[in-house]
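Notes follow once the structure below has been shown.
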Amino acid sequence: MNIKNFKVPTLLVISGPTAVGKTEFAIQLAKQYKTVIISADSRQFYKEMRIGTAFPTPEELNSIPHFFVGNLSIQDYYSVSKYEQEVLQLLTDLFMKHEVVVMTGGSGLYIDAVCKGIDELPDPDAEVRKLVVDLFEKEGAEALRNQVRILDPEFYQNADIANYKRLMRALEVCWQTGKPYSWFLKQTQHVRHFDMAKYYLNRPREILFDRINKRVDVMMEQGLLDEVKTLYPYKCLNALNTVGYKELFDYLDHKM
RNA sequence: GGUGCUGUAGCUCAGUUGGUAGAGCAACGGACUGAAAAUCCGUGUGUCACUGGUUCAAUCCCGGUCAGCACCA
């Protein structure tokens, strides 16, 4: 790939489906530009989840500096917003040394947060979140709907009211701030002091599926089942609500 | 070789006391601003193994064939 005539500085964003070859391609690019990689993969953040998230290999990690890979523990709280802030902060430093920085990963919401920004919302309060979860677990989605209908009729009108996670989030913000969730959603354009170039990698589905199947075989050979067994006590954590892990938890529970 | 069980969607299986069939998962399409590899919504996929018979009508009942499994020889 030969990319010229970038304004400087530029964030090169590589996205695409699972197993398309983002990591490999990003490393090539980073070498070409003698720069570093920021991962935008919401599961490779967790240092305990290596095999099942197709972590970059030690050789890959040694060949190019990576950020946001294995930087968190599965027990840590994390969010898109934190990611946005931390990446922007990091980029101001990186762009002092590099004209180009590569960002790659499959978590679209996280990429959008960095590129487009997200609206100002308060960070969730653990106690309020617990109240919302309790309400849902004890009284179900109908209770969430009733609350949201009263506290944020505008959101209720347009939202997917069958999606309990979105309802919980809306209610959480309403309770925490005393204002309707929709009041915060301003879709403001955020200014970024760098240029961006986005590339979406893709392959024919057949090939993609074949690559995914082979990758899963390799993961199993590398000891995915052992990794999952080690993480079994933590299977209720959000980080482990992840494809590849869920299924093996079910297998260990004799459900699959 | 004998006996029994099984054969229905890509997979695992329901079901029809005879009126050409449905769940979960997968697939495909879409939504989603601090839990996003999450969560939610939509779409139906089919020689009901094959072949004769009974019947107005067979995926269902009866016979045969084939395949798989189990047990007995």
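Convention: sequence-line order gives letters A, B, ...; per-chain numbering from 1. From a predicted model like this one, the values you see are computed outputs, not experimental measurements.
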Study note, to complete from the structure: Rounded to whole Å, OH of Y46(A) lies from C1' of A36(B) at a distance of 11 Å

Exercise for review: Determine the interatomic distance between C1' on A31(B) and the same-named atom on A36(B); round to the nearest Å.
Suggested key: 13 Å

Practice item. Provide, to the nearest angstrom, the distance between the CD atom belonging to E137(A) and the C1' atom belonging to A35(B). Key: 13 Å

Exercise for review: Looking only at side-chain atoms of L121(A), point me to the closest of A36(B), U39(B), G34(B).
Suggested key: G34(B)

Exercise for review: Check the distance between C11(B)'s P and E247(A)'s CD and give it to me in whole angstrom.
Suggested key: 19 Å

Review point. Glycosidic conformation of G34(B), syn or anti, with 90° from 0 as the boundary?
Key: syn

Point to revise | Separation between the C1' atoms of G46(B) and A9(B), rounded to whole Å | key: 6 Å

Exercise for review: Write down the distance between CG (L167(A)) and C1' (C41(B)), rounded to a whole number of angstrom.
Suggested key: 13 Å

Revision key, fill the gap. note: R166(A), atom CZ; A31(B), atom C1'; distance rounded to Å ~ 11 Å

Revision key, fill the gap. Regarding the side chain of P124(A), the nearest nucleotide among U39(B), A35(B), A36(B) is A35(B)

Practice item. Could you work out which one of A35(B), C41(B), A27(B) sits closest to the side chain of D160(A)? Key: C41(B)

Exercise for review: Could you check how far CD of E84(A) sits from P of A35(B), rounded to whole Å?
Suggested key: 14 Å

Revision key, fill the gap. Whole-Å distance, D41(A) CG to A38(B) C1', equals 13 Å

Revision key, fill the gap. Closest of A38(B), G34(B), A35(B) to the K165(A) side chain is A38(B)

**Study point:** Qualifying residue, where the test is side-chain contact (heavy atoms from CB on, under 4.5 Å) with I38(A) and the options are H66(A), E86(A), M103(A)
**Key:** M103(A)

Check your understanding: Closer than 4.0 Å, any side-chain N/O of R129(A) to the OP1 or OP2 of A35(B)?
Key -> yes

